[in-house]
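None of the values given here were measured: they were computed from a predicted structure.
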Amino acid sequence: MVEPANEKSQHKRPSELLVYCTTAMSVNGFLGAVKHCSPFGKQCIQSQDIRVGNIVWLRENDEVPCDLVLIGTSDPQGVCYVEGVIECPGPDKDIRRFDGNLRNETKLGMTRGIPEPKLTAVDAMIDKLTGAIFVFQIVVVIVLGTAGNVWKDTEARKVSLDLVKSLYAKFIDWDYEMIDPETDTPSHATNTAISEDLAQVEYILTDKTGTLTENRMIFRRCCIGGIFYGNETGDALKDVGLLNAITSGSPDVIRFLTVMAVCNTVIPAKSKAGAILYKAQSQDEEALVHAAAQLHMVLVNKNASILEIKFNGSVLQYEILETLEFTSDRKRMSVVVKDCHSGNISLLSKGADEAILPYAHAGQQTRTFVEAVEQYSQLGLRTLCLAWREVEEDEYQEWSLMFKEASSTLIDREWRIAEVCQRLEHDLKVLGVTAIEDRLQDGVPETIETLRKAGINFWMLTGDKQNTAIQIALSCNFISPEPKGQLLSIDGKTEDEVCRSLERVLLTMRITTSEPKDVAFVVDGWALEIALKHYRKAFTELAILSRTAICCRVTPSQKAQLVELLKSCDYRTLAIGDGGNDVRMIQKADIGVGISGREGLQAARAADYSIGSLSGTSLFNSVSLMAYNVFYTSIPVLVSTIDKDLSEGTVMQHPQILFYCQAGRLLNPSTFAGWFGRSLFHAIVAFVISIHVYAYEKSEMEEVSMVALSGCIWLQAFVVALETNSFTVFQHLAIWGNLVAFYIINWIFSAIPSSGMYTIMFRLCSQPSYWITMFLIVAAGMGPIVALKYFRYTYRASKINILQQAERMGGPILSLGTIEPQPRAIEKDVAPLSITQPRSRSPVYEPLLSDSPNTRRSFGSGTPFDFFQSPSRLSSIYSRNCKDN
């Protein structure tokens, strides 16, 4: 593709870069197309064709194909943000030489980690059973004297299974009901090897923002100088008191709006229509800047280090001297600005309440702001505290030297920068608190309720404040309010405090596991770090006992650790998120689901879903073996993927039936052994009957092999027909059409003299004994199978069989009886903490977030599931052990 050469004279788009190629090696296997500027205009080429010295034209969101040097951008200020690490050598006397290295080590890239290969429970079991089958076949070969390509034959069967998995994955891609109607984004299965694990998920670990919520931030309320705005109307932007304070020029309000508009990394840009658009890395920052603009404090331009604000018709200019970036440790960001009109230097800060309020100057009362944070958190709103202070010129100059020195160091840079930032971020004057709403996505409460009925447990892993996360959890049916539910808190800043809190929660959890109550626990990142490091076995027991957990203020690495903890107990996990901080969690889980949302595509791209020879003679020739394994047996199995054990309506009406899919109830070594025994029985039937009927002197080896192969094809057709639950045209074509195709193909080969099968099929089909043999093979092979199936359906019907019979008869199911989840066990040495209880002490029941172990309340009985009541998560009869951590 060549674009006109005179395009240079046209106005560039706001998101274009012109860069110079320095290394013609594509990055991370990038094979996309990029535009290369040549004397003949711009040409679209593959990145593998880029050469050193090429000029490359990139647009916003394009992947960088190789090492490039920035020449220019379409931004008026020529701004282009690159996150990386520059490695520089020590000083030397050669002033004409500089050796440096730019490494792209972004925080998101460093937290991503190396994805581990994933195996489903079926894959792991089949790999073991495949080895067992191989050993069995070797024994059979040695004992019976028959050998040849046994392993290839075994592997060929697995090829059919892999084809089925790929087709199942395509069903996800083709599902129109999984297309996001707003963005028209379809679902996509990146990993086609783990489709069956979707029905065996026992734990879902989910992010909050952008997953349970829409990640659309709306400024709702604020508290400025101790005055609350927006409490009555629910919208501070329409609060008359706030509008009057702006009109009258209230200093605190004006300074509050200034911090909202200036303390950020937002870049303003103008659309073709002249409207101001904001590009922000954080949705919270974008919401604050938009809110400030609606309150007449408009960020209009950011030219290099000069920032322009329009307020009530006047233009305010600030020079950004330094930006103290947000980190997960500091939990705040600040900017040092200089008023271009007055020359005054100020520090503007915003961040979490625990990162701002403790650094207020000694004379300021922060009680009102603490109450505001608690009030807004109880409403499920995201809170930020805003503050500022004046900085003297001498103080700034001295601090600036230290900041530049820390920023240029190569050793412990982050620690040095944080220490220097602390020297300036103190004695702050707290201006107020902002409250931002992030609404729940449609259908989240109903979805979680349905999945809970299917026996799936939920953990919320979020970086938000505890109270905010709890309110979101309550509103989306993640946890139940009292008296039906009980929420226990694990907190503390020291090992002793966390130990006592964990003891109390474990004691309560052990007591209440026998009651029909929704018991959950909440833990913050600090306490979680201590618990995972010093009390891992105790925390593992707690994880098994609790169906629900809320983990607040957690880091990406902690999210991954929690996934690994549950996997070590043999639970099948699914992790879902939408941001770069969810990538490690998604990669660690058995199934990773990434959402293509407002946080970018990092999570979606990292996710699984976006949803030996021995001598001997073979009875069959190589062509027949290949056709049997690849063609004759693959088509019926592939078409069986559209077969349904139960209809969607039945499953949605009885979600408890999914307990059968969990923990390998439907596919396990015993069921596999049953199918293996059936296949061995059919092989013996086909071989013995064929040999007894056709193994006489006038019969050729090719005739005997074709008779045995025909018997296998007939048996296969009847087996697939017997196991099919919902017949469609495709099933009939695959089963009986495949049988017809077998004869057509072999008739064609029988007509070719050089095929090695010349006239064989014609002779066999003309003999009545051939058709009698086929009847005997089918009758002897299928008779016992049909009898066993009738006995099982009549006298030992499973819950799935009951629902299948109801669907065929069209009658309702009033009760399925009890369906119990797969029990598990904890190792004996997992009894983690020594917990003693006085004999006279009553059982402990903690209310919602109660810190007192002596508080007791009575609770009503919980509501059981429709057909069963889930038993305790911890039982002495558990069958699977939790691995030692």
Under the side chain to side chain contact (heavy atoms under 4.5 Å, CB included) test, which residues partner [X], sequence neighbours left out?
| X | value |
| --- | --- |
| Phe727 | Ala721, Thr724, Gln731, His732, Ile735 |
| Phe791 | Tyr795, Arg796 |
| Phe672 | Leu129, Ile133 |
| Tyr793 | Lys789, Asn801, Gln804, Gln805, Arg808 |

[X] side chain to [Y] side chain, donor-acceptor N/O pair below 3.5 angstrom:
| X | Y | answer |
| --- | --- | --- |
| Tyr743 | Ser710 | no |
| Asp643 | Ser726 | yes |
| Thr450 | Thr447 | no |

Would you mind reporting whether [Y] and [X] have side-chain heavy atoms less than 4.5 Å apart?
| X | Y | answer |
| --- | --- | --- |
| Val707 | Val693 | no |
| Asp590 | Leu574 | no |
| Phe762 | Asn746 | no |

Which atom names give the shortest non-hydrogen contact between [X] and [Y], and what distance separates them?
| X | Y | value |
| --- | --- | --- |
| Trp736 | Ala717 | CZ3-CB, 4.0 Å |
| Leu764 | Tyr770 | O-CB, 3.2 Å |
| Ile544 | Cys569 | CD1-SG, 4.0 Å |
| Leu198 | Ile172 | CD1-CD1, 3.9 Å |

Exercise. Between Ser750 and Met761, is there a donor-acceptor pair closer than 3.5 Å when you use the side chain of the first and the backbone of the second?
Worked result: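 At least one qualifying donor-acceptor pair exists.
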For this session: Would you check if the side chain of Glu703 reaches a backbone N or O of Ile760 as a donor-acceptor pair within less than 3.5 Å?
Result: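 Pair absent, no side-chain N/O of Glu703 close to backbone of Ile760.
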For residues 771-784, dump all side-chain donor-acceptor pairs below 3.5 Å to protein atoms at least two apart in sequence or in another chain.
residue, atom, partner, partner atom, Å
Trp771, NE1, Cys765, O, 3.0
Thr773, OG1, Ser769, O, 2.6

For this session: Return the set of residues passing salt bridge (charged side-chain N to carboxylate O under 4.0 Å, His left out) with Arg792 (not counting sequence neighbours), or none when no residue passes.
Result: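 Scan of Arg792 (salt bridge (charged side-chain N to carboxylate O under 4.0 Å, His left out), adjacent residues dropped) gives none.
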